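Note on naming: letters A, B, ... go to the chains in the order of the sequence lines (proteins, then strands), and numbering restarts at 1 for each one. Keep in mind that what you see is a predicted model, and the values were worked out from it rather than measured.
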Amino acid sequence: MINPLRGMKDLTFEESRRYIHIISTAVNIAKRYGYSYIETPILEETALFKRSVGNSSDIVNKEMYQFEDKGGYDVCMRPEGTAGVARAFISDKLDRQPIKQKFYYHGPMFRYERPQKGRLREFHQFGCESFGEASVYEDFTIITMISQIFDALGIGFDLQINSLGCTVCMPPYKQNLVSFLTDIKEDLCEDCNRRIDTNPIRVLDCKNKTCQLLLSNSQKLIDNLCDECENDFKKLTVLLDQAGIHYTIDTNLVRGLDYYNKTAFEFVSNEIGSQSAIAGGGRYDRLVEFLDGKPTPAVGFAIGIERIMELVKMPETAREGIYLGAMNDDAIEPLLALAARKRLETKVTIEYNAKGFKSHMKGADKAEAKYVALIGEDELKNGTIWIKDIESREEKTVPLETF
RNA sequence: GUGGACGUAGUUCAGUCGGUAGAGCACCAGUUUGUGGCACUGGGUGUCGCGGGUUCGAGCCCCGUCGUCCACCCCA
């Protein structure tokens, strides 16, 4: 027996229904906010992810499905969606147009990690990217949209926000932090020593008690923002307050990808184990120019489908369609033409074996059909078919032609 | 990548001291060839993850491997 690869899963029945429901709910809402669908390749040049997600990130360092293709190109299965969409935005020369562009996408992403609950090697994201809008109103709008999606799916969440600053305020802060950390590096844990180089702000979030003690009076980025970042962040909190969207400010919230700046946010759930982030995103004003496009402000997010799969409240499913069956072998073949006709308008389940009445009723029940239609001895003789509405229990016998 | 737990039927699990595997649910067939979900009767559907080893004999003990889960790391 051949099983799926480690960290990859098949979706069937209940799970695939959930998947579809999540995607269609998100799509419907995204459309109302002016987003249109974009499909980008799963395979991209490795350089794309190195330049966008960032060389220092774990994703690029050790989690990419990277290989040389038969033409000798260094390629990667996409580990996330934003880079590809930004690349497409530039490839299609949309950065040269003064028009704001908004795209939504969904599909598989790949990261070579150790799988666990809520963390697969092939997983799925629904995401949106808004290009060309620098206003913090757009940050607010996008957060509003995500909460609307989660509300529509019946998912409870906590929203965490932070500001990562911009090219004006972030670099000096980071420099100060690194030198501060370097001074005390002897006393910091092993992980933190590694983080000093890769992601110094993460050090502030270390769970090690000794580290926490040493860092208790360290400077927060949020207190060192430039005026513009400071004002935008304040504005965002005011807008969220007015909209009644509850949030907490997490000064240690850092997105794992290098391209983020200013607003960063994460939606988390405490019901799904340690992989608690169900959506994440923020502003990435510099990404387009990193990828050789014209400087274009942008903001986006992605929802982890597998992470919310079991949180979704599914709408009740109604019975649908017709179950067709016969009690004599002679009556089976006439069912085929009937089925073809009925399938122009509804779902039809057809049983190819002649069976007893009760057996058919059970079959109709299992098929979740709304109607059961049977041809027995009498019906065959009279050219009629017997129909019963399984919900209302009303039944009647009609000529085949009027069925 | 590191540490730990686990792996028996479709599924959830039991399996004693080492003696060729069992229960609920699910599933299939039937209970008057005409009224479904309920009930009753019958049916075990299995490479005990895989590969070695110890033993007269392994689901059970040992080693390896693969996989799942949990924590770390990281992230959606």
Side-chain angles (χ1 to χ4, degrees), chain A residues 1-9 12-13 22 53 56-63 78-82 106-127 146 157 189-192 194-195 198-199 202 205-208 253-257 260 265-269 272-282 300-309 319 323 325-329 331 353-372 374-380 386-391 393-395 397:
Chain A
M1 185 170 54
I2 298 174
N3 286 317
L5 291 171
R6 183 169 216 193
M8 314 213 167
K9 278 176 78 175
T12 51
F13 307 114
I22 291 167
V53 176
S56 67
S57 74
D58 273 14
I59 292 175
V60 164
N61 265 332
K62 45 186 196 190
E63 295 174 4
R78 63 184 184 193
E80 57 95 46
T82 301
H106 53 87
M109 309 292 161
F110 301 84
R111 293 183 197 172
Y112 196 87
E113 301 181 84
R114 184 122 166 209
Q116 57 181 258
K117 198 180 195 71
R119 191 169 73 185
L120 296 163
R121 287 184 174 181
E122 182 187 23
F123 61 102
H124 298 78
Q125 290 186 334
F126 172 89
I146 302 165
F157 59 82
C189 72
E190 206 177 307
D191 281 337
C192 284
R194 188 172 41 76
R195 290 184 184 115
T198 56
N199 205 339
R202 272 263 182 251
D205 206 15
C206 185
K207 288 165 191 90
N208 186 303
L253 173 66
V254 189
R255 314 264 56 238
L257 296 71
Y260 285 108
F265 56 85
E266 205 160 273
F267 286 72
V268 298
S269 165
I272 54 170
S274 66
Q275 309 304 317
S276 59
I278 54 177
F301 73 92
I303 295 174
I305 308 296
E306 282 83 357
R307 295 258 171 102
I308 60 171
M309 204 75 120
R319 288 183 166 276
Y323 172 99
M327 284 139 91
N328 302 63
D329 285 334
N353 293 307
K355 285 184 175 180
F357 184 85
K358 262 195 172 164
S359 192
H360 278 309
M361 290 305 286
K362 283 185 186 173
D365 221 21
K366 201 160 302 173
E368 303 224 291
K370 178 156 167 46
Y371 299 97
V372 53
L374 301 178
I375 299 181
E377 219 163 281
D378 297 343
E379 290 80 9
L380 190 59
W386 172 87
I387 307 157
K388 176 167 184 168
D389 183 322
I390 293 180
E391 283 166 336
R393 299 179 180 233
E394 282 169 47
E395 50 192 280
T397 302

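With contacts defined as side-chain heavy-atom distances shorter than 4.5 Å, the pair Lys370(A)/Asp389(A) qualifies. When side chains are defined from C-beta on, Met309(A) counts as touching Ile22(A), because their heavy atoms get closer than 4.5 Å. Side-chain contact between Ile390(A) and Tyr323(A) is absent, with no heavy-atom pair separated by less than 4.5 Å. Two residues are said to be in side-chain contact when any heavy atoms from C-beta on lie closer than 4.5 Å; Glu80(A) and Val53(A) meet this criterion.
Of the side-chain N and O atoms in Arg6(A), one or more sit less than 4.0 angstrom from OP1 or OP2 of U68(B). Under 4.0 angstrom from either OP1 or OP2 of A71(B) there lies at least one side-chain N or O belonging to Gln116(A). For the OP1/OP2 pair of C28(B) and a distance below 4.0 Å, the side-chain nitrogens and oxygens of Lys366(A) include at least one atom meeting the criterion. Between Arg114(A) and G1(B) there is no side-chain polar atom (N or O) within less than 4.0 angstrom of OP1 or OP2. At the phosphate of C69(B), neither OP1 nor OP2 sits under 4.0 Å from any side-chain N or O atom of Lys117(A).
Of the C1' atoms belonging to G18(B) and G37(B), the separation is 47 Å, rounded to the nearest Å. Taking atom P in both C27(B) and U11(B), one finds a spacing of 14 Å when rounded to whole Å. A21(B) and C25(B) have their P atoms separated by 23 Å, given to the nearest Å. Separation of the C1' atoms belonging to G57(B) and C17(B) is 14 Å when rounded to the nearest angstrom. Between the P atoms of G24(B) and G34(B), the separation comes to 32 Å (whole Å). On the C1' atoms, G3(B) is 27 Å away from U8(B), given to the nearest whole Å.
In this structure a side-chain-to-backbone donor-acceptor pair under 3.5 Å is present from Arg78(A) to Pro108(A). Between the Glu306(A) side chain and the His124(A) main chain, a donor and an acceptor come within less than 3.5 Å of each other.
In the set G36(B), A76(B), U35(B), the nucleotide with an atom closest to the side chain of Phe123(A) is A76(B). The side chain of Glu266(A) approaches A76(B) more closely than any other nucleotide in the set A76(B), A29(B), G30(B). Nearest to the side-chain atoms of Ile390(A) among the listed nucleotides C75(B), C74(B), G36(B) stands G36(B).
In terms of polar N and O atoms assigned as donor or acceptor, the side chain of Arg307(A) comes within less than 3.5 Å of the base of C75(B) in a complementary pairing. Side chain Glu379(A) to base G34(B): a donor-acceptor pair is found below 3.5 Å. Arg111(A) contributes a side-chain N or O that forms a donor-acceptor pair with the base of A76(B) under 3.5 Å.
Judged by Watson-Crick or G-U wobble contacts below 3.5 Å, the nucleotide G1(B) has C72(B) as its partner. With a 3.5 Å ceiling on both atom-pair distances, the Watson-Crick or G-U wobble partner of G67(B) is C6(B). Pairing partner, G44(B): none, since no Watson-Crick or wobble contact has both distances short of 3.5 Å.
Where Arg393(A) and Gly304(A) meet RNA chain B, the nucleotide closest to each residue was compared, and Arg393(A) sits on the side nearer the 5' end. For the pair Glu113(A) and Glu391(A), both in contact range of RNA chain B, the more 5′-proximal nearest nucleotide belongs to Glu391(A).
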